[in-house]
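Everything below concerns the one structure shown next.
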Amino acid sequence: MTPEKLFHELLGLGLNWEAIESRFERESGTVFLEIRETPRLWETVRCLEDGGLAFCYDHTEVLTWRHLNVFQHRCEITCRLPRGKCRQCGQVFRGRPPWEGLSTHFTKEFEAFALLLMREMPMSKVGEVVGETDTRLWRMLFRQVDAAYAEADFSQVCCVGVDEMSVRKGHEYISVFADLVRKRVLFATEGKDHQVWLDFVTALEKHNGHRHAITQVSMDMSPAYEKGVKETCRHAQVVFDKFHVIAHANQAVDEVRRAEVRLGGAGVWEALRQSQWLWRKNPENLTEQEAARLAQIDQKSLRTAKAYQMRLVLQDIYRSASVLEARRRFRVWCRWVRWVARLQPKNLLRAMVKVAAMIERHLAGILAHWKWGVTNAFMERLNSVFSATKRKARGYRSTTHLITMLYFVAGKLRFPQF
Ligand SMILES: [Zn+2]
């Protein structure tokens with residue numbers, strides 16, 4: 001078998017195309033495979049407008065498509081694509097050759113391979129491995145994700161989570177909407193005001209979903225999101241998820257620590273120095289060293305230790321077996337926080353009192369956790385998924401790049417080609 005015949009078989013070119021020459025260019029280390037059409041092609045080509053038969057009008061310049069390597073050598077398919085002319089309407093058109101991927105520079109097989117690598121490593125690394133520019137690879141990913149996203153079906157979506165994610169340090173945010181049942185990202189867009197909800201339901205309904213089919217929305221206690229839900233999804237019950245409630249308490253502990261370092265007087269600075277990570281953990285997760293450090297700290301007199309204790313108790317409330325028990329314990333917790341805070345000088349526990357007030361304001365939504373709790377795990381994971389996405393997209397931090405990568409990583413999209 002000649003090499004050309006072999007390539008013909010391996011590429012599955014069929015009867016309409018033939019490999020006419022293969023050569024190895026030593027300087028560039030590239031295998032070139034030249035393909036051209038056979039007369040039989042014109043028996044099957046039809047005009048896109050009216051389905052009329054076509055004949056060969058002319059040929060394009062020599063075009064190239066990057067294919068999978070041959071024995072570690074770069075391989076490129078070259079072809080002067082025939083352009084057809086319709087016998088009925090006279091229109092001239094360029095067909096798609098069967099090996100072409102969604103981007104005009106790569107074959108289908110190469111795109112499939114590159115996507116596989118993109119799942120495993122950052123984009124810049126993929127570029128190094130396959131020897132392609134980031135720009136071309138990103139363009140390919142855009143085409144693939146756009147095509148797969150267009151086919152995504154949201155008709156079963158009923159439980160939705162939404163969260164804001166920081167794109168850059170500081171003030172640039174996107175809102176990410178997720179399907180909590182099928183555990184996938186549905187939609188992401190710039191901004192974090194109530195308008196993003198309108199964008200979301202528009203996307204949802206483009207994909208066969210329905211805004212009034214949404215029965216549960218899990219989110220942070222942000223007034224903007226709450227307003228957005230109320231305006232768009234009539235039947236949605238808002239659930240403030242555990243993850244966010246505890247995150248607020250964690251933040252408050254940190255605020256208390258910083259206030260105490262500033263205002264606490266002699267000995268306090270020494271005791272709290274570099275302790276911020278201790279307070280973010282649960283006692284059972286501390287390393288031996290950290291546990292020893294915590295034991296050293298004089299817990300009785302420190303407000304930070306008091307705030308930490310409050311956070312632990314709050315977390316424990318989530319172990320309550322029933323919503324009735326939880327309601328009672330949240331109320332007791334809020335009273336207790338206020339009572340303790342009143343006894344402190346300089347209002348050092350102010351941040352904790354704010355958390356209590358927020359819990360009271362949002363109690364119904366917080367208690368909805370006991371009805372829906374099981375579905376919320378995905379929201380907790382979303383933050384780490386998003387960090388991984390940012391690492392993968394490093395170097396290209398335009399929001400569109402980031403959102404495309406997020407759909408690719410967490411959208412559970414089906415890539416129809418493969
Ligand atoms: Zn035609």
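When reading the values below, keep in mind they use all heavy atoms of this one structure, side chains included, and skip hydrogens, waters and symmetry mates. What you see is a predicted model, and the numbers here were worked out from it, not measured in a lab. Indexing begins at 1, ligand by ligand and atom by atom, following the structure's order.
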ask   = More than 12 foreign heavy atoms under 6.0 Å from CD of E284: is that the case here?
value = yes
task = Please determine which of L81, L63, I77, N16 meets the side chain to side chain contact (heavy atoms under 4.5 Å, CB included) test together with P97.
result = L81
ask   = Is it true that atom NZ of K354 has more than 12 heavy atoms of other residues, nucleotides or ligands lying nearer than 6.0 Å?
value = no
key: Stacked cation flag K183 on F378, 6.0 angstrom / 45 deg   = no
Centroid separation H194 to Y225 less than 6.0 Å = no
inquiry  = Is the distance between the ring centroids of Y149 and H207 under 6.0 Å?
reply    = yes
request  = Output, by chain and residue number, all protein N/O/S atoms separated from the Zn ion (ligand 1) by less than 2.8 Å.
outcome  = C47 SG, D50 OD1, D50 OD2, C86 SG, C89 SG
